[in-house]
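Here is the structure we will look at.
Residue numbers run from 1 in the order of the sequence given.
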Amino acid sequence: WWVQSLNRHAPPADLTMLLTLPVEEAMARMAARGGAKEIYEDADLQHRVHALYSQRARLVDAVLVDGGGTEMEVATRVHALVNERLPCQA
């Protein structure tokens, strides 16, 4: 994987997160925003991308974060995870 080869000499990340969302919900969100359909707005492609990212996330010990809900709900989950995994040391 090319990203791994680019980062092989870098120190490991303190925390890696992957926001996840069922493909069907992602497709509904894309349709709801309106406008011209982009080339990546294809359910089959999105299923393949979702599977690949899920596989790669396991290789780097990424934490999966539910991307469903409102922006504030997702932000709250991300914030809680960061506070849990990377507590501030005053």
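Atom CZ of residue R85 and atom CG of residue D14 lie 12.0 Å apart, to the nearest 0.5 angstrom. Here the CE atom belonging to M17 is positioned 11.5 Å from the CG atom belonging to L64, to the nearest 0.5 angstrom. The structure places NE2 of H79 at 14.5 Å from CZ of R77, a figure rounded to the nearest 0.5 Å. R48 CZ to D42 CG: the interatomic distance, rounded to the nearest 0.5 Å, is 7.0 Å.
I39 is not listed as a side-chain neighbour of L45, based on a closest heavy-atom distance of 4.5 Å or more. Residues E24 and H47 are in side-chain contact: their nearest non-hydrogen atoms beyond the backbone lie under 4.5 Å apart.
Residues L81 and L18 do not share a hydrophobic cluster, clusters being chains of Ile/Leu/Val/Met/Phe/Trp/Tyr side chains in contact below 4.5 Å. Using a 4.5 Å cut-off between side-chain heavy atoms of Ile, Leu, Val, Met, Phe, Trp and Tyr, with links allowed through other members, V74 and L86 fall into the same hydrophobic cluster. Following chains of ILVMFWY side-chain contacts shorter than 4.5 Å, one cannot reach L19 starting from M72, and the two form parts of different hydrophobic clusters.
By the salt bridge (charged side-chain N to carboxylate O under 4.0 Å, His left out) test, R8 pairs with no residue at all, sequence neighbours left out.
The side-chain contact (heavy atoms from CB on, under 4.5 Å) with V63 is formed by just one residue from the set V82, T16, L15; it is L15. Under the side-chain contact (heavy atoms from CB on, under 4.5 Å) rule, M30 has a single partner from Q46, E25, E38, which is Q46.
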